[in-house]
Amino acid sequence: MSNLIDIFYERGFIEQTTHGDELKEYLDQDNITCYIGFDPTASSLHVGSLVPIMSLAHIQKLGHRPIALVGGGTGLVGDPSGKTETRQILTPEVVEENAIGIKKQLSRFIDFSEGKALLLNNADWLTKLKYIPFLRDIGRHFSVNRMIKAESYKMRLESEEGLNFIEFNYMLLQAYDFLQLFKNYGCRLQMGGSDQWGNIVSGIELVRKMCHETVFGITFPLITTSSGAKMGKTVKGAVWLDSERTSPYEYYQYWINTDDKDVARFMALYTFLPIDEIREIEKLENADLNMAKTVLAFEATQLVHGREEASKAYHAAASMFGGCAVSENILPSSSVHRDMLDVDDVSVPHSFFVIDQLREGIPAFKIFHTVGLASSGGAARRLIEQGGAYINAKRIQSFEQQITEKDLDDNGTIVLRSGKKRFHIIKIKK
RNA sequence: GGUGGGGUUCCCGAGUGGUCAAAGGGAACAGACUGUAAAUCUGUCGGCAAAGCCUUCGGAGGUUCAAAUCCUCCCCCCACCA
């Protein structure tokens, strides 16, 4: 069995580690405990958090114990690391609510039953701290001279906005978390994004100073697309793991639209497919890569939303864009559908109209705005003028063209399309 | 607290009385080429059933035929000094 660290390296999870060989030796042991902190800034995680989540899942697969630490306490302070602006400070109620949402999503990836993994909240210990004892016991181990040199504070110290005192304390709190988890759960490894390096190292040092023990740290690279954008950021905002915020269809589409150059890299990071099979798809060229993208989208959607939703999104995509079955010899371990089944378009964005509305007729530009394919009537007019609006696959010629019941197709629906990719189906309310 | 510099449309940023729905860049959207990819070229990019009208330049008032631009008060940010 490969060492955890080997798996991480070959799948692209490692930016930096502490201790080199010593860490590798530690990871050869059974039943290690490892933690990652998650910010409770929203009630849902998004694609940007997938790397940490996947890393914990890998760890659990090897029989170790992951701890997901919800930052209920640190969320009250706000991590300035790598941030250009002061974080909005959350109320305890909001943090609590968000923590619940986050656990639900983590449970898709990590088995929390029977203590196989733990979900902890640092509010449990941080909010009980007393200022003077904390300063005397913990604060004394931190050198301000060193802290202000930390990369994580640098950006803010040099910025116009500056760094305020509450944020300056953040590093101590995260270091204290590691100390607590080490003492109470025997946790010797903390992982996190590359912006967490300073916080992780300060925890390692705190444990060494107070307990004279060695603990370890690993950071993940900041994953960007080949065009340089952060993962999971789109115009409409983040790509969320919560189906209420980002539908499985949209989620699937996000992955389908992966840049050619990113397919293999993302597959290694965001699916559990064997690395050997992923290396094979690097050889694919041109349109064949689209099959690999289908697998990536399907697997990624399945992990977050389950097989049923992934299948729906798959079939919806096939019905709208025209499908192309994934060949048997591409990524054989994937459970993606290998043949085209009956088309099922339920997950394509849709809305219901009353038949009377269509009897009267609705001008084309109006309907595009109403269903959300255009942000305003003016935008819809422009869209139509530029030839980017389609009804049942036919280009709309005039923005005043009336959409009526005559436009209903054999299935009793109207398919609207904006540009090449954005679909909306109109159905009749019975 | 003092002095100085600022707040412009999604973001950056020009504009210092009419020619301003506001330069330029980025992002985004559409078209062409394609493979639901990238790159490139072209066009669009406040709202409105629209050759017109309406609302925007931190906020509230005022001057003027006319204000993003001038005046008054207020709010916020930054730098230096204390």
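Each chain gets a letter, A, B and so on, in the order its sequence line appears, and its residues count up from 1.
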Mind checking [X] for me? I need base, sugar-phosphate or nothing, with any heavy atom below 4.0 Å counting as a touch.
X: A:Gly419; result: sugar-phosphate
X: A:Gly387; result: sugar-phosphate
X: A:Ser226; result: nothing
X: A:Phe423; result: nothing
X: A:Asp259; result: sugar-phosphate
X: A:Arg417; result: nothing

Output yes when at least one side-chain N/O atom of [X] is less than 4.0 Å from OP1 or OP2 of [N], else no.
X: A:Lys420; N: B:rU36; result: no
X: A:Arg382; N: B:rG46; result: no
X: A:Tyr314; N: B:rU36; result: no

Between [M] and [N], how far apart are the [atom1] atoms? Round to whole Å, please.
N: B:rC70; M: B:rG15; atom1: P; result: 13 Å
N: B:rA67; M: B:rU8; atom1: C1'; result: 14 Å
N: B:rA66; M: B:rU55; atom1: P; result: 15 Å
N: B:rC57; M: B:rU69; atom1: C1'; result: 10 Å
N: B:rG35; M: B:rA23; atom1: C1'; result: 39 Å
N: B:rA28; M: B:rG5; atom1: P; result: 38 Å
N: B:rU64; M: B:rC45; atom1: P; result: 37 Å
N: B:rG59; M: B:rC76; atom1: C1'; result: 10 Å

Applying the Watson-Crick and G-U wobble criteria at under 3.5 Å, what pairs with [N]? Answer none if nothing qualifies.
N: B:rC10; answer: B:rG26
N: B:rC80; answer: B:rG2
N: B:rA38; answer: none
N: B:rC48; answer: B:rG52
N: B:rU63; answer: none
N: B:rU69; answer: none

Please state how far atom [atom1] in [X] lies from atom [atom2] in [N], giving the value in whole angstrom units.
X: A:Asn257; N: B:rA38; atom1: CG; atom2: C1'; value: 12 Å
X: A:Lys366; N: B:rA50; atom1: NZ; atom2: C1'; value: 11 Å
X: A:Lys293; N: B:rG35; atom1: NZ; atom2: P; value: 12 Å
X: A:Leu373; N: B:rA28; atom1: CG; atom2: C1'; value: 16 Å
X: A:Phe321; N: B:rU34; atom1: CZ; atom2: P; value: 19 Å
X: A:Lys261; N: B:rA39; atom1: NZ; atom2: C1'; value: 8 Å
X: A:Ile403; N: B:rA49; atom1: CD1; atom2: P; value: 16 Å

_Aromatic ring pairing A:Tyr314/A:Phe298, orientation class (parallel under 30°, perpendicular over 60°, tilted between)_ =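 Geometry flag for A:Phe298 against A:Tyr314: perpendicular rings.
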
*Among B:rA49, B:rU36, B:rA30, which nucleotide sits nearest the side chain of A:Leu383?*
B:rA30

*Please determine, for the side chain of A:Ile256, which listed nucleotide (B:rG31, B:rA37, B:rU36) has the closest atom?*
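Within the option list, the nearest is B:rU36.
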
_Closest-nucleotide mapping onto RNA chain B: is A:Asp260 or A:Ala379 further toward the 5' terminus? I mean the 5' end._
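Its nearest nucleotide being more 5', the pick is A:Asp260.
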
*Closer to the 5' end of RNA chain B via nearest nucleotide, is it A:Leu289 or A:Ser376?*
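Per heavy-atom nearest nucleotide, the more 5' residue is A:Leu289.
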
Quiz item: [X] side-chain donor-acceptor pair to [N] base, under 3.5 Å:
X: A:Gln386; N: B:rG43; answer: yes
X: A:Asp288; N: B:rG35; answer: no
X: A:Glu385; N: B:rU44; answer: no

*asked:* Heavy-atom count check: over 12 atoms from other residues, nucleotides or ligands less than 6.0 Å from A:Lys104 NZ?
replied: no

*Please determine, by modelled atom types, if A:Gln180 and A:Tyr176 share a side-chain donor-acceptor pair under 3.5 angstrom.*
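The answer is yes; a qualifying pair exists.
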
*Just checking, any donor-acceptor pair under 3.5 angstrom between side chains of A:Ser113 and A:Asp111?*
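Indeed, the side chains of A:Ser113 and A:Asp111 share at least one donor-acceptor pair under 3.5 Å.
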
_Among A:Asn199, A:Asn122, A:Asp177, side-chain hydrogen bond (donor to acceptor under 3.5 Å, both in side chains) partner for A:Thr74_ =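 The side-chain hydrogen bond (donor to acceptor under 3.5 Å, both in side chains) with A:Thr74 is passed solely by A:Asn122 among A:Asn199, A:Asn122, A:Asp177.
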
_Check A:Glu282 with A:Arg279, please: is the shortest side-chain N to carboxylate O separation under 4.0 Å?_
no

*asked:* Closer than 3.5 angstrom, by distance alone: can the side chain of A:Lys128 be matched with the main-chain N or O of A:Asp124 as a donor-acceptor pair?
replied: yes

_Side-chain donor/acceptor of A:His424 to backbone N/O of A:Gly372, under 3.5 Å_ =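 Absent.
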
